[in-house]
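Note sheet for the following structure.
Atom set for the values below is all heavy atoms of this structure, side chains included, hydrogens, waters and symmetry mates excluded. In this text, all values refer to a predicted model and were calculated from it rather than measured experimentally. Here is how names work: the chains are called A, B, and so on, in the same order as the sequence lines, proteins then strands, and each is numbered from 1.
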Amino acid sequence: MIQVFDTLASAKRELVLQESGRCGVYCCGPTVYDLSHVGNARAALVPDVIVRFLRQQGLQVKYVRNITDIDDKIIARGQADGVPAAEVAARFADEYHRDMAALGMLEPDVEPRVSGHLEPIIALITTLVGRGLAYAAQGDVYYRVAAFADYGKLGKRKPEELLEGAGSRVEVDTRKESPLDFALWKAAKPGEPAWDSPWGPGRPGWHIECSAMCGAHLGETFDIHCGGRDLIFPHHENEIAQSQGAFGPGTFAQYWVHNGFIDFAGEKMSKSLGNFFTTREVLALHDAETVRYFLLTVHYRSGLNFDVRVDCPECGAAMGREAQDQGVCPACGATPGPEALRTRVRFPGLEEAEDRLAYVYTTLAGARKLLAEAGAASPAPATSPGALLQAFCEHMRNDFNTGGALGTLSRPLADINGLLSAGKGVDKAARLAAVAAFVADMEQVAAILGCFGAEPGVWLRRRRDRRAAQMRLDLARVEELLTARREARAAKDWGRADAIRDEMSALGLTVNDGPEGSTWDFA
RNA sequence: GGCGGCAUAGCCAAGUGGCUAAGGCGACGGUCUGCAAAACCGUUAUCCCCGGUUCGAGUCCGGGUGCCGCCUCCA
C-alpha cells in the first residue's frame, strides 16, 4: 500500500489508481520567461522521484509535465528585451531542458505546450460557455465562479470570504460579473500574440491550459497532480472548477500533491523578491546528485532552508546578509563589490550533502572492489529485495518520505564499511553475500532517487576535479607531495612526512594513510 | 483581516497513540594509526507553553505563544 497526502482531503490517503497497474501523473511545469531557480528544481524533482518510485514498484506511469509558453510574463519579458514573446518562450524552454537534464531529471513522457493546444483549450472554453459556467465579455471569456458549487474546496476558502477581500487589493474589472471570476480567454491588445477564437483574437488565460492539457494527455480523470504549494489557490482551484465544470463531479486529479518552498534567509525564495539562486549557479558549484540528495533530505511538503554563506574575499570572515548588501566586511572593513562577493558564495547544506555522497560512493567503490576481487567466487546477486531496500521503500510508501528513507541507509552503510575493513573473524561467504546484497539494493535505491547510480570511481573523480578546479589546485603538485610523503613514510622519516602533511593541509587537503598507501581528500 | 501550515538535541531532520523518540552534521570519548586522517564503536532529547481525551500522547482535541505561507504573478 502506498499512501499519498492529498491536499484536497488534507490527509494521507491510500493510493488507489483509476486503472490498476497504471498511474497518470501531471506536473505543473514552468512558465518559460527566465532561467529556472532552485525552487523550480525542487518542484520538478518531487514528481520525478514519485514517478521513479512508482515505476520501481512496478507501475506503468505516464508522466506529463507541461510548459507554459503563452503568458503575461513572457510577453512582458519579450517587450522588455525587444524580442517576440515566442522567441523568449522558445529560448527559456531550451534553457529549462538544459537545467533539468543537468539535474538528472527523467524526461516526461509528454511535455505539452500551451501553444500547441489552442484547439482543446478553445473546445474546453466552448463547453464551459455552453454549460453556463463561463461567459464572454468584450472579447474576454470569464469563468462564472458562482455557478460552480465546490469552488474553494481545494484552497479551503469560501466564496463569501473571498469576496470580502476582493477589490481591496486588485482593481475590479468591470467586465466581470463577479470579482472572483477569472479569465479563460483574454482578448489581445495591440502588439500581443493572438490566436483566433469564437470570441475574437486573443490568448488563453493561465489556468485553462492545464485543464485542457490534462484532458488531452491523461483523460478526464487521472491519478496524481503535482505542483508547488503556491499553486493551490487560485491555480489548481481554478483547474478543478474548469475540469469538473466541463466533465462533471469527481473527475480530474484524484490526488493533489504540493511541495513546500525553499527558504532563503528565512523567507520564501522567489523571483519577485529577487532572493533566488538559479539552477545554473548552484550546478556550477555542485554535482547534480548533490543537489538532488540535498533536496531529498527533507520531506517534500516541508519548507527547506537553503543556507548561503559568503566569506569576505579579503579576510575570509563570514559576511552576514546585511554586510553583503552594504558590501562592507564587518571584520576587516574591506569593500568587495557584488561581483567579488558572487565568487565567494557557498552553500553549506550542499557541501554537507556532497560529503555524504562522497561517503556513500566511497563505500560503494569499496564494495564493488571486494566483489570484483572475489571474482568467480562472488555469490549470485540477490533476486529478492534485501532488508535495506525494504526499509527504504517502507518510508517511500509513506507519502514518499525521502528523508526517512535516506535515514535507513546509515546503518547498512556503516555495517558495510565495517565489513570492508574487518578482515578476520568474519565468515568470507557471509561477508560477500552481505556486500553483494548491499550493492544490489543500492542499485534499486539509485533508480528511485536518481542518486548513487553513477560509477563510484567516476563520480569521485569528477568531484575531485571540480573542487580542485574551484580551488585552483595543482593536481600534479599534489601527486608529487603524496609521492614524497609515501617515500618519507617508507623510510620512517616521520619529520619529513609530517612536514609534507602540513604543506598539504595548507592547500586545504587532508592525507589518509592506509595499508595500501596514502590518498588525499579535501579538508 | 480570512484561510492553511509548522514548532522534536548546539544545527538540520524522520516519526501513520503503544516496547529503550530514526538518521545526518558538530562536539566529546574509544578502536585503528609512527602521530594523524578516513573508517568503525560509544556518549550527546523532561519532543514551545497550559489544559483535556486515553490504560498509554511527540503523535489526538481545546487554548496560548512564536515563525512561515496563501489570499495579486509565483515552484
I want to verify a distance call: between [options], whose nearest atom is closest to the [X] side chain?
| X | options | answer |
| --- | --- | --- |
| A:Asn512 | B:C70, B:A38, B:A39 | B:A38 |
| A:Ser302 | B:A14, B:G5, B:A75 | B:A14 |
| A:Asn417 | B:G2, B:A39, B:C41 | B:A39 |
| A:Asp498 | B:C40, B:C41, B:C35 | B:C35 |
| A:Lys156 | B:G4, B:A75, B:A14 | B:G4 |
| A:Arg157 | B:C70, B:G34, B:G4 | B:C70 |
| A:Tyr33 | B:C70, B:A39, B:A75 | B:A75 |
| A:Asn398 | B:A14, B:C73, B:U16 | B:U16 |

Using a cut-off of 4.0 Å on non-hydrogen atoms, how would the nucleic acid contact of [X] be classed: base, sugar-phosphate, or nothing?
| X | answer |
| --- | --- |
| A:Phe261 | base |
| A:Leu231 | sugar-phosphate |
| A:His299 | sugar-phosphate |
| A:Val511 | base |

Exercise for review: Could you list the residues that satisfy ring-ring contact (aromatic ring centres under 6.0 Å, His included) with A:Phe92, not counting sequence neighbours?
Suggested key: none
Using both distances under 3.5 Å as the test, list the Watson-Crick or G-U wobble partner of [N], or none.
| N | value |
| --- | --- |
| B:A22 | none |
| B:A7 | B:U65 |
| B:U33 | none |

Does any donor atom in the side chain of [X] or [Y] lie under 3.5 Å from an acceptor atom in the other side chain?
| X | Y | answer |
| --- | --- | --- |
| A:Asp513 | A:Ser518 | yes |
| A:Asn66 | A:Thr68 | yes |
| A:Asn238 | A:His207 | yes |

Review point. When the aromatic ring centroids of A:Phe306 and A:Phe347 are compared, is their separation below 6.0 Å?
Key: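 Under 6.0 Å, so yes.
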Practice item. Assert yes or no for the condition that the ring centre distance of A:Tyr63 to A:Tyr26 is strictly below 6.0 Å. Key: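 A:Tyr63 vs A:Tyr26: aromatic centres not under 6.0 Å.
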With distance as the sole criterion, do the side chain of [X] and the base of [N] form a donor-acceptor contact below 3.5 Å?
| X | N | value |
| --- | --- | --- |
| A:Asp263 | B:C67 | no |
| A:Arg356 | B:C25 | no |
| A:Arg42 | B:A75 | no |

Check your understanding: Can you tell me how far C1' of B:A22 sits from CG of A:Leu388, to the nearest Å?
Key ->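 Answer to the nearest Å: 14 Å.
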Check your understanding: Does the cation-pi check pass for A:Arg42 over A:Tyr300, that is, NZ or CZ under 6.0 Å from the six-membered ring centre and within 45° of its axis?
Key -> no
Exercise for review: Check each residue of residues 487-494 of chain A for a non-hydrogen atom within less than 4.0 Å of any atom in RNA chain B, then write out the ones that pass by number, or none.
Suggested key: A:Arg489, A:Trp494
